[in-house]
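First comes the structure, then the notes that go with it.
Since we're looking at a predicted model, the values are computed, not measured.
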Amino acid sequence: MIASVKGTRDLLPPETRVWNRVEAAAREVFALYGFDEIRTPALEATELFVRSVGESTDIVHKEMYNFTDRGGRSLTLRPENTAGVARAYVEHALAQAGRPWKLYYIGQQFRYERPQKGRYREFRQIGAEVLGPADAATDAELLVMLFDFLGRLGFTGLSVSLNSVGTEATRPAYVEAIRSFFSSNEKTLGDDDRRRLAENPLRVLDSKDPAVQDLVASENFPRMVDLLPTLDPAADAHHRELKALLVASKVPFKENPLLVRGLDYYTRTVFEVTAAGLGAQDAILGGGRYDKLVADLGGPRTPGIGFAIGEDRLVDILPEKFRKEAIEGARRVAVIPLERADVGESMTLAESLRKDGILVDLVTAAKGPGHGLKVAKKTGAALAILLGQEEREKGIVNVKDLARRTQESLPRLGLAAALRARL
RNA sequence: GUGGGAGUAGCUCAGUCGGUAGAGCGUCGGAUUGUGGUUCCGAAUGUCGCGGGUUCGAUCCCCGUCUCUCACCCCA
């Protein structure tokens, strides 16, 4: 047997119904906010991720599926989708349109990691990006849209963690402050945190080491939000305006001065939503502003902000009501011809019912009515229509309610309406 | 890349102190050839994850490996 490759999985019915409903809700909500879909290739030049996601990240130096193609090009299966969107923005000179671009995507991403709960090598993300505007209202609107979407899925009690990590201009000063703080506490740092401090200092704020967590939570630990008013008054004003807008829009958020993001391109606003029930991988979505990314990719200096939702994780903790409704879906009718001679008539009947908008599953190859009913029940039909010689001659059908175990004879004329009343 | 747990029938699992395996559910056939879910009878399940070692003999012990799973790392 050939099995699916490590860290990938098949999504089978009826689970695919749930995924489809989630994606349909995303498309619906995002459209309401003026977003359009963008589809970028799963395969990109390796250089794209090196320059955007950043060489200091694990994603780039050990988690990418990259290979050299037959033409000698270094290609990579995208580990995230923001870089691809930014690349397309530059490549197609979208800046020339003189308008903000509000884009969303739904698609597979690939990272070569050890799989665990909520973490796969092939996973799906639903994301949105706004390219152009840099004002706080853009950030706020994006989060309003996000919670509109989450609310539609039935999530309650979720809240977004919010922080500002400053800009490219202020980052070095902040990193310096972090390093000097730890210079006196270096011995409490483990190997991982020592490495972080050297390679990607902001990540130390994310440490799971209790001793380090205590230090980071202590009063004299430098926090970006505290430094912002002096280091970068504009970013500080942006941050404060965003918070005010979120309060006004009733977006549930919590300030978290220790929140940082793993990707190098984030500036100013960063946010994350975590949820219970996902084990150690508890972030269902993350995002932030990336005001320098487009310029880094050779485009015109264009600010941007976006989020990416881990669809696999989202589906994993989806409220039961939404999941149930998606799986049960529209109620269906099974049409069961009793004999071979009844198949033609059954197909005609099925077609006419479908024209009236009824979901019909024609059960062919049934070995007798008993077997046909069994199959109908197993495929989840609500009603079963039995059609044989006797029914054909009388111009009726026998309709069984599979849940109630009742049967009644109904005339062929006006059958669709009669069925709809029973579905 | 590191560490823990697990791999036996389609599914959930039991079992053999080393003598090539069983239950329930499901599937298939029949009782009932135009009416299912109840009941009864019968049948098929499977290189016991894969490879090697020890042994007269390994599903069981040992080693390796793969996959799943949880955690670290990292992140959605």
Side-chain angles (χ1 to χ4, degrees), chain A residues 1-9 53-54 56-64 78-82 105-127 190-193 195-196 199-200 203 206-209 260-264 266 271-275 278-288 306-317 334 336-339 341-342 363 366-379 381 384-392 397-409:
Chain A
M1 184 185 70
I2 299 171
S4 65
V5 319
K6 180 172 179 161
T8 71
R9 55 188 184 150
V53 175
S56 70
T57 64
D58 271 19
I59 290 179
V60 168
H61 75 249
K62 65 178 222 204
E63 295 175 3
M64 293 204 305
R78 63 182 180 204
E80 58 101 51
N81 219 141
T82 299
Y105 59 83
I106 298 174
Q108 279 103 319
Q109 318 295 333
F110 305 85
R111 289 181 201 172
Y112 190 87
E113 300 180 271
R114 280 282 286 269
Q116 69 183 71
K117 187 172 178 60
R119 196 173 74 181
Y120 306 95
R121 289 184 170 182
E122 179 194 38
F123 60 102
R124 293 132 187 106
Q125 285 187 334
I126 298 175
D191 289 346
D192 281 334
D193 287 316
R195 182 178 50 76
R196 285 191 180 111
E199 292 173 10
N200 200 348
R203 300 298 303 169
D206 250 358
S207 178
K208 288 185 183 171
D209 183 337
V260 290
R261 312 273 323 141
L263 281 52
D264 281 359
Y266 286 115
F271 55 88
E272 186 173 278
V273 173
T274 58
L278 283 168
Q281 310 302 317
D282 60 355
I284 57 173
L285 68 93
F307 62 75
I309 303 169
E311 194 177 0
D312 302 74
R313 294 179 185 179
L314 188 73
V315 168
D316 197 36
I317 57 162
I336 307 169
L338 295 183
E339 308 281 347
D342 306 315
V363 179
K367 287 166 285 198
H371 183 245
L373 287 166
K374 204 170 175 184
V375 170
K377 180 81 176 175
K378 285 194 181 193
T379 54
I385 292 176
L386 296 165
L387 184 58
Q389 188 183 358
E390 199 182 314
E391 288 82 355
R392 279 194 284 143
V397 290
N398 278 313
V399 178
K400 251 187 191 300
D401 185 312
L402 291 167
R404 295 206 193 93
R405 306 175 66 173
T406 55
Q407 178 171 321
E408 56 188 326
S409 292

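- Of the side-chain N and O atoms in A:Lys208, one or more sit less than 4.0 angstrom from OP1 or OP2 of B:C72.
- Residues A:Gly288 and A:Phe271 come closest through the heavy atom pair N-CE2, 3.6 Å.
- Taking all atoms of both residues into account, the shortest heavy-atom contact from A:Pro369 to A:Leu338 is CB-CD2, 3.6 Å.
- Heavy atoms of A:Arg195 sit under 4.0 angstrom from primed sugar atoms or phosphate atoms, though from no base atom.
- Nearest heavy atoms, A:Lys377 versus A:Leu402: NZ-O, 3.3 Å.
- When rounded to the nearest whole Å, the span between NZ of A:Lys377 and C1' of B:G26 equals 16 Å.
- The side chain of A:Gln116 lies closest to B:A71 when the candidates are B:C75, B:G34, B:A71.
- Under a 3.5 Å cut-off, the side chain of A:Glu122 and the backbone N or O of A:Tyr120 do not form any donor-acceptor pair.
- Counting any heavy atom pair closer than 4.0 Å across all strands shown, A:Glu311 reaches no nucleic acid atom.
- For A:Lys374, taking side-chain heavy atoms from C-beta onward, the closest of the listed nucleotides B:G34, B:G36, B:C73 is B:G36.
- Residue A:Lys62 places none of its side-chain N or O atoms closer than 4.0 Å to OP1 or OP2 of B:G1.
- Under the side chain to side chain contact (heavy atoms under 4.5 Å, CB included) test applied with A:Val60, the options A:Met64, A:Glu63, A:Lys62 reduce to a single match, A:Met64.
- Closest heavy-atom contact between A:Gln125 and A:Glu80: OE1-CA, 4.1 Å.
- Nucleotides of RNA chain B nearest to A:Ala308 and A:Gly370 differ in position, and the one nearer the 5' end is that of A:Gly370.
- Looking at heavy-atom distances under 4.0 Å, A:Glu390 makes contact with a base.
- Among the protein residues, A:Gly279 comes within range of the sugar-phosphate backbone only, with heavy atoms under 4.0 Å from sugar or phosphate atoms but none that close to a base.
- One can place CZ of A:Arg111 at 5 Å from C1' of B:C75, the figure rounded to the nearest angstrom.
- Side-chain atoms of A:Arg203 stay outside donor-acceptor range of the base of B:C75, with no qualifying N/O pair under 3.5 Å.
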Dump the pairs, protein N or O against N or O of nucleotides 48-50 of chain B, anything under 3.5 Å, distances to one decimal.
none

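- A straight line from CD of A:Glu113 to P of B:U2 spans 15 Å, rounded to a whole angstrom.
- Within the model, atoms CD of A:Glu272 and CG of A:Asp282 stand 7.5 Å from one another, a figure rounded to the nearest 0.5 Å.
- Taking the P atoms as reference points, B:G49 lies 43 Å from B:U33, given to the whole Å.
- Using a 4.0 Å heavy-atom criterion, one finds that A:Gly287 contacts no nucleic acid atom at all.
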For RNA chain B, what string of dots and brackets results from 5' to 3' when Watson-Crick and G-U pairs need both distances under 3.5 Å, crossing pairs get [ ], and pairs with another strand get |?
(((((((..((((.....[..)))).(((((.......))))).....(((((..]....))))))))))))....
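- Nucleotides B:C62 and B:C28, compared at atom C1', are 42 Å apart to the nearest Å.
- Among the atoms of the strands shown, base atoms are found under 4.0 Å from some heavy atom of A:Gln407.
- For the P atoms, the distance linking B:C70 with B:U12 amounts to 15 Å, nearest Å.
- With the nearest nucleotide of RNA chain B identified for both A:Leu387 and A:Lys6, A:Leu387 has the one nearer the 5' end.
- Of the possible donor and acceptor atoms, one in the side chain of A:Asp401 sits under 3.5 Å from a partner among the backbone N and O of A:Arg404.
- Around the CD atom of A:Glu408, the shell of radius 6.0 Å holds more than 12 heavy atoms that belong to other residues, nucleotides or ligands.
- Here B:A76 presents its C1' atom at 11 Å from CD of A:Glu80, a figure rounded to the nearest Å.
- Look at the P atom in both B:G22 and B:U67: the space between them is 32 Å, to the nearest Å.
- We find that CZ of A:Arg124 is positioned 21 Å from P of B:C75, with the value rounded to whole Å.
- The side chain of A:Leu373 lies closest to B:U35 when the candidates are B:C72, B:U35, B:C28.
- Contacts of A:Leu402 with the nucleic acid, taken as non-hydrogen atoms under 4.0 Å apart, include base atoms.
- The side chain of A:Pro369 lies closest to B:U35 when the candidates are B:U35, B:C75, B:A76.
- B:C75 atom C1' lies 17 Å from atom CZ of A:Phe307, rounded to whole Å.
- Between A:Ala376 and A:Ile336, the shortest heavy-atom contact is CB-CD1, 4.2 Å.
- Residue contacts for A:Arg114: at a heavy-atom cut-off of 4.0 Å it reaches a base atom on one of the strands shown.
- Distances from the side chain of A:Lys117 to the nucleotides B:A76, B:A71, B:G36 place B:A71 closest.
- Of the listed nucleotides (B:C73, B:U69, B:U67), B:U69 has the atom at the smallest distance from the side chain of A:Pro115.
- A distance of 9.0 Å separates CG of A:Asp206 from CZ of A:Arg261, quoted to the nearest 0.5 Å.
- Residues A:Arg313 and A:Gly118 approach most closely at NE-O, 2.7 Å, considering heavy atoms.
- Among the protein residues, A:Tyr112 comes within range of no part of the nucleic acid, since none of its heavy atoms lies under 4.0 Å from any strand.
- A:Arg124 places no side-chain N or O within 3.5 Å of a backbone atom of A:Gly310 that could act as its donor or acceptor partner.
- Atom-to-atom, CG of A:Asn398 to C1' of B:G34 comes out at 10 Å; the value is rounded to the nearest Å.
- The CG-C1' distance, from A:Asp316 to B:C70, rounds to 14 Å in whole Å.
- Nucleic acid contact for A:Ile309: none, since no nucleic acid atom lies under 4.0 Å from a heavy atom of the residue.
- Spacing between B:G51 and B:U59 at atom P, rounded to whole Å, works out to 10 Å.
- No engagement by A:Glu272 is indicated, since no non-hydrogen atom pair under 4.0 Å with the nucleic acid exists.
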